[in-house]
Amino acid sequence: MPSPSLPRLVLVLALVWGGAVLAQPQRRQPQEFQNRKELTQAEKDAAKARAMGNNLNGYGKDVQIKETPIPWMAIGLVGIVFLVATPFAIRAYRGTVKEMADVNTFGARGSASEDEA
């Protein structure tokens, strides 16, 4: 039995997918907003009061949100640690670079290897 070729497979998939799309129920279109009547100020206020009055138990009226303060002491401590550690890090970096330059046998600044002596 020969295997289906790619064009046939694409055609079958397109037909199946198209049929599935057409079989979906039609969605409702959004309402026309031009046909709405303008609300009076009293109706607007009543709608606003209804929207604001959806709180069933009144719990949200007395709740105060706690704001956590910025941890200035921790930030200051980290700054002091970095200030103290920076000179030691620079000294270690320079020492490591100097040692690597001395050991480097492939560079122009490298010293002669022990095999050549």
Q: State which residues pass side chain to side chain donor-acceptor pair (under 3.5 Å) with Q41; sequence neighbours excluded, sorted by chain then number.
A: D45
Q: Calculate, to the nearest 0.5 Å, the distance between atoms CG and CZ belonging to L77 and F82 respectively.
A: 11.0 Å
Q.
So if I apply the side chain to side chain contact (heavy atoms under 4.5 Å, CB included) rule between R94 and each of V97, T96, I90, which one comes out positive?
A. I90
